[in-house]
Protein chains: 2
Amino acid sequence: MNPVRRDDPLPEAELTFLLGMAFQLVLAEFNDRVAAVGEGDLRPVHGMVFQLLARTPVTSSELAERLGVTKQAAGQIVDDLERRGYVRRDPHPAGGRRKLLVLTDAARAHLAVAGRVLHTLEAELADRQEGATLAPLRTGLAALIRTLTGDDLPPLRPVW
Amino acid sequence: MNPVRRDDPLPEAELTFLLGMAFQLVLAEFNDRVAAVGEGDLRPVHGMVFQLLARTPVTSSELAERLGVTKQAAGQIVDDLERRGYVRRDPHPAGGRRKLLVLTDAARAHLAVAGRVLHTLEAELADRQEGATLAPLRTGLAALIRTLTGDDLPPLRPVW
DNA sequence: GACAGTGAGTCAAGCTGCTTTACTTGATGG
DNA sequence: CCATCAAGTAAAGCAGCTTGACTCACTGTC
């Protein structure tokens with residue numbers, strides 16, 4: 001149980017600040033753990049790519065939209081991932097210049113590992129929070145997101 | 001009131017994802033509003049600098065520590081802010097090569113404006129959340145931060 | 001009172017991940 | 001045909017940081 005602190009800055013902190021701090025800490029911890037199991041050569045954005053492609057293969061322009069970057073940037077990311085054997089560029093069934101991005105087994109393996117790490121982390125966080133469950137936090141966040149977006153969720157991007 | 005949606009992805013989303021999304025949305029909204037009142041030439045990191053210097057002037061090495069960057073990077077940020085008239089480098093009372101970074105009135109004016117924008121934004125968010133108050137969200141975030149940090153808060157940095 | 005050590009600051013170069021601009025390539029409709 | 005359009009690629013540029021190497025002012029030590 002956390003002892004009461006004098007001069008605790010957190011209760012007075014802005015919501016925005018709390019959000020940033022919490023996100024940074026959780027993501028950093030996630031990164032560290034992913035690196036610790038030997039998957040440190042992939043950044044979170046690569047995980048995002050894998051998650052997007054896992055459901056259904058898309059073209060790199062669609063990927064760019066989903067990531068919220070230019071198609072050139074998406075192309076560079078794909079170049080890198082292709083070079084390292086995580087994705088392939090297959091000819092698109094609809095023809096044209098399009099290419100379908102498909103995941104290799106290496107990518108799916110990473111996705112599985114990263115998913116386990118993430119769930120373990122969140123479970124640990126829930127455990128360590130003795131009294132407070134994470135549920136109200138989740139619903140609060142979801143409500144906040146809803147009020148700021150309307151129906152469709154924008155791409156998750158670095159904003160700093 | 002938000003209608004119930006079919007296939008709402010939010011309840012199934014990872015906590016980490018919710019945090020990132022919420023932070024991004026709130027910060028983007030804050031940025032837009034700050035830009036809308038004509039203060040768009042300053043990024044959040046500059047606001048962080050101003051906040052740090054407002055309490056008590058520090059040297060640029062201390063600033064670097066607080067920001068979590070190298071002292072060269074802090075120096076570059078200060079160069080920029082000095083050029084644009086937001087900070088001065090005053091001789092340090094303790095002598096040496098040190099210089100004290102002090103805010104100009106322009107910086108304090110920005111700080112006041114940005115503070116108002118931030119509080120207005122958070123108040124609006126609270127209002128729009130009809131039933132749910134933001135209080136449980138704040139306490140949940142604070143608890144999460146506490147379990148991840150121990151006593152002293154690390155610098156708030158881009159982590160993507 | 002020289003003199004190695006220390007810590008703040010600075011100069012310069014390099015790197016990463018993106019953007020902007022400009023182009024090529026294949027499909028489509030008049 | 002050919003104008004047009006969308007997907008993709010190529011090249012250059014840029015912002016914001018880092019690493020490495022240095023200068024300068026002060027500190028102790030003998």
Side-chain angles (χ1 to χ4, degrees), chain A residues 24 27-28 31 35 40-49 52-53 56-84 86-102 154-160, chain B residues 24 27-28 31 35 40-49 52-53 56-84 86-102 154-160:
Chain A
Q24 170 182 6
L27 187 57
N31 265 334
D41 57 334
L42 290 168
R43 294 180 299 132
V45 63
H46 300 134
M48 289 289 302
V49 171
L52 288 173
L53 297 184
T56 162
V58 295
T59 68
S60 89
S61 287
E62 287 172 310
L63 178 64
E65 265 185 60
R66 299 297 199 93
L67 292 180
V69 297
T70 60
K71 57 184 184 175
Q72 291 91 331
Q76 290 173 17
I77 294 172
V78 171
D79 282 346
D80 177 43
L81 291 176
E82 188 178 34
R83 225 180 357 88
R84 304 194 312 189
Y86 290 109
V87 306
R88 287 197 323 270
R89 285 172 157 122
D90 281 1
H92 196 285
R97 281 202 89 182
R98 288 179 224 185
K99 294 167 188 171
L100 261 193
L101 304 176
V102 300
L156 184 50
R157 296 213 34 199
V159 272
W160 200 232
Chain B
Q24 170 181 5
L27 186 57
N31 265 335
D41 57 334
L42 290 168
R43 293 179 302 130
V45 64
H46 300 134
M48 289 290 301
V49 171
L52 289 173
L53 297 185
T56 162
V58 294
T59 68
S60 90
S61 287
E62 288 172 309
L63 178 63
E65 266 185 58
R66 300 297 200 90
L67 292 179
V69 299
T70 61
K71 58 183 184 175
Q72 292 92 327
Q76 290 173 17
I77 294 173
V78 172
D79 282 345
D80 178 43
L81 291 176
E82 189 178 33
R83 226 178 359 86
R84 303 194 312 188
Y86 290 110
V87 305
R88 287 196 323 269
R89 285 171 158 124
D90 281 1
H92 197 286
R97 281 205 91 182
R98 287 178 226 185
K99 294 167 189 170
L100 261 194
L101 304 176
V102 300
L156 184 51
R157 296 211 32 198
V159 274
W160 201 233

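By convention in this document, chain letters (A, B, ...) are assigned in the order of the sequence lines, proteins followed by strands, and residues within each chain are numbered from 1.
- Following rounding to the nearest Å, H92(A) (NE2) and dA7(D) (P) show an atom-to-atom distance of 10 Å.
- Listed nucleotides dG8(D), dG9(C), dT9(D) differ in distance to R89(A); the shortest reach to its side chain belongs to dT9(D).
- Of the two residues contacting DNA chain D, namely L100(A) and A94(B), the nearest-nucleotide position lying further toward the 5' end is that of L100(A).
- In this model, the phosphate group of dG9(C) is approached by a side-chain N or O of T59(B) to a distance below 4.0 Å at OP1 or OP2.
- Screening residues 71-82 of chain A for side-chain hydrogen bond (donor to acceptor under 3.5 Å, both in side chains), with sequence neighbours left out, gives D79(A)-R89(A), D80(A)-R83(A), E82(A)-R89(A).
- Heavy atoms only, all atoms of each residue included: R84(B) and D41(B) are closest at NH2-O, 2.9 Å.
- L101(B) approaches L63(B) most closely through the heavy-atom pair CD1-CD2, 3.9 Å.
- Distance alone, capped at 3.5 Å, places no donor-acceptor pair between the R66(A) side chain and the V58(A) backbone.
- Put simply, CG on L63(B) is 19 Å from P on dG7(C), counting in whole angstrom units.
- Computed from coordinates, the D79(A) CG to dG17(C) C1' distance equals 13 Å when rounded to whole Å.
- If you check residues 64-77 of chain B against DNA chain D, the residues with a heavy atom closer than 4.0 Å are V69(B), T70(B), Q72(B), A73(B), Q76(B), I77(B), listed by number.
- Summarising the geometry, the separation between NE2 on H46(A) and C1' on dC18(C) is reported as 13 Å, rounded to the nearest angstrom.
- Remark: the backbone N or O of P155(B) is paired with a side-chain donor or acceptor of Q24(A) at under 3.5 angstrom.
- R43(A) has no side-chain polar atom (N or O) that falls below the 4.0 Å cut-off from OP1 or OP2 of dT16(C).
- Each of R97(A) and S60(B) was matched to the nucleotide of DNA chain C holding its nearest heavy atom; the match closer to the 5' end belongs to S60(B).
- Atom CZ in R98(B) sits roughly 17 Å away from atom C1' in dT23(D) (whole-Å rounding).
- Taking each heavy atom of P44(B) and L27(B) in turn, the nearest pair found is CG-CD1, 4.2 Å.
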